[in-house]
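Here's the structure we're looking at; comments come further down.
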Amino acid sequence: MSVPEPPPARPPTWGSHPAGPAGTDGPGAGPWSPALAVTCASAACLVLLVVGVLAARPDVAVLGAAPLVLAVRALRGRPSGASTARFEAGDDDDPDALGRAGRLRATLVVEGPGPWAAVTTTRQGRTGADVLVRVDGTRRLTVVARTVRTGPQEVASADVQGVGPDGASVAEPTPTVTRSTVVLPATTPLLDLPLPTRLRGLTGPHESRRPGEGGGLRDVHPWVPGDRLRRIDWRVTARRSPDLRELYVRREHAQAEAVVMLVVDSRDDLGPDPRTWRGSVAPRAQDATSLDRARQAAASLARAYLERGDRVGLDDLGVRRRPVAPGGGRRQLDRIRHALALTAPEGEPTARLRPPRLPSGALVVVFSTFLDDESAAVAARWRTAGHRVVAVDVLPRLRTSGLYDRERLALRMMTLTREDRMAELADQDVELVTWRDQPAVALRVLARRARRHAGAGVPR
C-alpha cells in the first residue's frame with residue numbers, strides 16, 4: 001500500500017526577521033522590515049562613521065555616512081500594506097484536457113504594494129523555481145507541471161514575500177498557497193471487445209438469440225396472426241406456395257445490448273519499485289502505479305463499450321460503498337471517470353463473505369494486481385455463478401536494480417505465488433489480460449478467439 005508524500009518543507013524566504021509577537025497581524029499583514037543585507041550594511045557603515053569621528057578621519061566618516069544615508073532614505077520610502085498570493089483556475093482545467101495531456105496548469109496571482117516579490121514554487125512535490133518578479137500592484141504567473149499520475153494531485157505550492165525598492169525592505173511572508181486538482185484517467189482506443197455469454201438487453205447494437213427485429217436472418221416461417229405484413233418474403237412464398245394459399249415471413253434475431261461491470265481493486269497502489277511497497281517510501285511522482293493503470297484500463301473499456309451502445313457500471317473491491325449502476329451515454333462515462341479518479345486505498349479493507357451482487361448475465365472485468373487471494377477468489381466465484389470474467393493484470397513492470405539479495409528473494413517468491421494464482425484462474429475459465437503488454441491485441445484475441453453464434457459472447 002502506498003502512503004501520500006509528506007508536504008515539502010517550506011523554503012527559506014528573503015530576509016531573516018521572524019513574525020511579530022502575539023497580538024499583531026498574522027503573516028502577510030505585518031509591517032515591512034529592513035532586509036538582512038541592509039541591516040548588516042547599515043551597522044557596518046555606522047561603525048565606520050563612529051570610527052571616523054573618533055579618529056578625526058573625515059574620509060573614513062564619509063565612507064560610512066554616504067551608504068547609511070542611502071539606506072535610511074530607502075527605508076523611509078518602504079511600502080505599507082500586506083502582500084497576498086492565491087491560485088486561481090487556469091484555462092487548461094478542463095478535465096478531459098488534463099486526462100489526455102497529463103499537463104497541469106494553474107495561475108498564481110500575486111498582489112502587493114511593493115514593486116517586487118520573491119516567489120518560490122514547488123511542483124508535484126519537487127522543487128520548482130525561485131524567482132524575483134515585478135509586481136506593480138498585481139502580477140499573474142502561470143505554473144505548469146507534468147504528471148503521469150491520476151486522481152487527486154497537487155499542481156503546485158508557492159511562498160511569496162514582498163520586496164521593497166532597491167531590495168532594502170521585505171514584507172512578512174504570505175502563508176503557503178496550494179493548488180490541487182483531480183486528474184481524470186486517460187483512455188486508450190480499443191476496437192474489438194469481448195461480450196457476455198448471453199445478451200439480455202431489449203435493444204442495442206448486438207445480435208441476440210431471441211427472435212425480434214433488426215438482426216440477421218433467423219428463419220423463414222409460415223405466416224401466423226401477429227406477424228407483420230412487411231415481413232412477408234414473396235420470393236419464398238412464390239416458390240413454396242404458388243397459389244398463395246400460404247404466406248411465408250422472414251424472422252430475424254433481435255438486437256440487444258451488453259451489460260459490463262468494471263470492478264477495480266483499490267486495495268493496492270503499487271509503483272514499479274518494490275522498495276516502495278512497504279509504505280515507508282512513497283512512489284516517485286513520475287512513475288505510474290498499479291492504481292493509475294487500473295484507472296486508465298477501466299476508463300478505456302468504459303469508453304469503448306459506451307460508444308458501442310452498451311451499458312457499463314463500476315464497483316470497487318476495496319471499499320464498501322454504493323457502486324455506479326450500469327448505464328449508457330456520455331454522462332455515464334463522465335460518472336465512471338470521476339469515480340475512478342477518486343478511487344484510492346482506504347485503510348485495511350474487511351474481508352468479504354460473498355462477492356458483490358452483479359446484474360444477471362453481465363460481463364465482469366476485474367482490474368487487480370492479484371497479489372493476494374481476495375480478488376482471485378471473487379473472480380472465481382463470479383465465473384462459477386455463470387458470468388464471463390476477464391481478469392486484467394495492472395501490476396507495472398518492476399524495477400529490480402538496486403535491490404538487496406533478500407529483497408530479490410522475497411520478490412521472486414511473491415512472483416512465483418502470483419503466477420500460480422493466475423494459472424489457477426485460467427484453469428477456472430477466467431480469461432487473463434495483461435494491461436502493460438498491448439492490451440488492445442489481447443482483447444481482440446478474446447473477442448475473435450473462435451466463431452460465435454448469434455448472441456453468444458464466448459465460443460461453444
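This one's a predicted model, so the numbers in the text were calculated from it and none came from an experiment.
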Any side-chain heavy-atom pair from [X] and [Y] closer than 4.5 angstrom?
{"X": "Pro345", "Y": "Leu291", "result": "yes"}
{"X": "Trp382", "Y": "Val263", "result": "yes"}
{"X": "Leu301", "Y": "Leu193", "result": "yes"}
{"X": "Gln332", "Y": "Leu306", "result": "yes"}
{"X": "Arg399", "Y": "Asp287", "result": "yes"}
{"X": "Val366", "Y": "Val392", "result": "no"}
{"X": "Leu371", "Y": "Leu270", "result": "yes"}
{"X": "Asp393", "Y": "Arg436", "result": "yes"}

Over-ring placement of Arg293 relative to Trp435, 6.0 Å and 45° cut-offs: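 No, Arg293 does not lie over the aromatic ring of Trp435.
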Is a salt bridge present between Arg337 and Asp334, judged by a nitrogen-to-oxygen distance below 4.0 Å?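 Salt bridge flag = no for Asp334 with Arg337.
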Electrostatic pair Glu431-Arg388, nearest N-O below 4.0 angstrom: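 So Glu431 pairs with Arg388 through a salt bridge.
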Distance from [X] atom [atom1] to [Y] atom [atom2], nearest 0.5 Å?
{"X": "Arg308", "Y": "Arg303", "atom1": "CZ", "atom2": "CZ", "answer": "15.0 Å"}
{"X": "Leu184", "Y": "His338", "atom1": "CG", "atom2": "NE2", "answer": "4.5 Å"}
{"X": "Glu307", "Y": "Arg330", "atom1": "CD", "atom2": "CZ", "answer": "8.5 Å"}
{"X": "Thr343", "Y": "Ile336", "atom1": "OG1", "atom2": "CD1", "answer": "11.0 Å"}
{"X": "Glu407", "Y": "Asp405", "atom1": "CD", "atom2": "CG", "answer": "9.5 Å"}
{"X": "Met414", "Y": "Leu398", "atom1": "CE", "atom2": "CG", "answer": "6.0 Å"}

Closest approach of [X] to [Y] (non-hydrogen atoms, all atoms of both residues):
{"X": "Val389", "Y": "Arg383", "result": "CG2-N, 3.6 Å"}
{"X": "Pro79", "Y": "Gly114", "result": "CG-CA, 3.8 Å"}
{"X": "Asp265", "Y": "Ser375", "result": "OD2-CB, 3.7 Å"}
{"X": "Arg421", "Y": "Phe370", "result": "NH1-O, 2.8 Å"}
{"X": "Pro194", "Y": "Val390", "result": "CG-CG2, 4.4 Å"}
{"X": "Ala156", "Y": "Val143", "result": "CB-CG1, 3.6 Å"}

Is it the case that more than 12 heavy atoms not belonging to Gln438 sit under 6.0 Å from its CD atom?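 Incorrect, the count does not exceed 12.
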I'd like to know if the side chain of [X] and the backbone of [Y] have a donor-acceptor N/O pair within less than 3.5 Å.
{"X": "Asp192", "Y": "Arg444", "result": "no"}
{"X": "Thr176", "Y": "Asp159", "result": "no"}
{"X": "Arg295", "Y": "Leu342", "result": "no"}
{"X": "His387", "Y": "Leu363", "result": "no"}
{"X": "Glu111", "Y": "Thr138", "result": "no"}

Before giving the answer on side chain to side chain donor-acceptor pair (under 3.5 Å), spell out for Thr188 and Gln296 the whole-Å C-alpha distance, their side-chain angles and the decisive distance to 0.1 Å. CA-CA 8 Å; Thr188 301; Gln296 181 192 10; 3.1 Å; yes
Under the side-chain contact (heavy atoms from CB on, under 4.5 Å) criterion, do Gln153 and Leu104 qualify, and how do the steps go? CA-CA 9 Å; Gln153 299 289 320; Leu104 311 180; 4.2 Å; yes
Could you walk me through whether Trp32 and Ser83 pass the side-chain contact (heavy atoms from CB on, under 4.5 Å) test, one step at a time? CA-CA 10 Å; Trp32 288 59; Ser83 298; 3.9 Å; yes
Would you tell me whether Arg140 and Thr107 have side-chain atoms, one donor and one acceptor, within less than 3.5 Å of each other?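 Judged by distance alone, the side chains do not pair up.
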Begin from the C-alpha positions of Ser290 and Asp268 and carry the test side chain to side chain donor-acceptor pair (under 3.5 Å) through to its verdict. CA-CA 7 Å; Ser290 62; Asp268 296 334; over 6 Å; no
Audit row: Thr289, Asp292, side chain to side chain donor-acceptor pair (under 3.5 Å) steps and yes/no: CA-CA 5 Å; Thr289 64; Asp292 294 327; 3.1 Å; yes
Apply the test side-chain contact (heavy atoms from CB on, under 4.5 Å) to residues Asp315 and Val324: give CA-CA distance (whole Å), side-chain angles for both, the deciding distance (0.1 Å), then the verdict. CA-CA 6 Å; Asp315 203 350; Val324 179; over 6 Å; no
Side chain to side chain donor-acceptor pair (under 3.5 Å), that's the test. Do Ser266 and Asp316 meet it? Break it down for me. CA-CA 7 Å; Ser266 66; Asp316 189 354; 2.9 Å; yes
So Val445 and Leu443, side-chain contact (heavy atoms from CB on, under 4.5 Å) or not? Walk me through it. CA-CA 5 Å; Val445 170; Leu443 292 173; over 6 Å; no
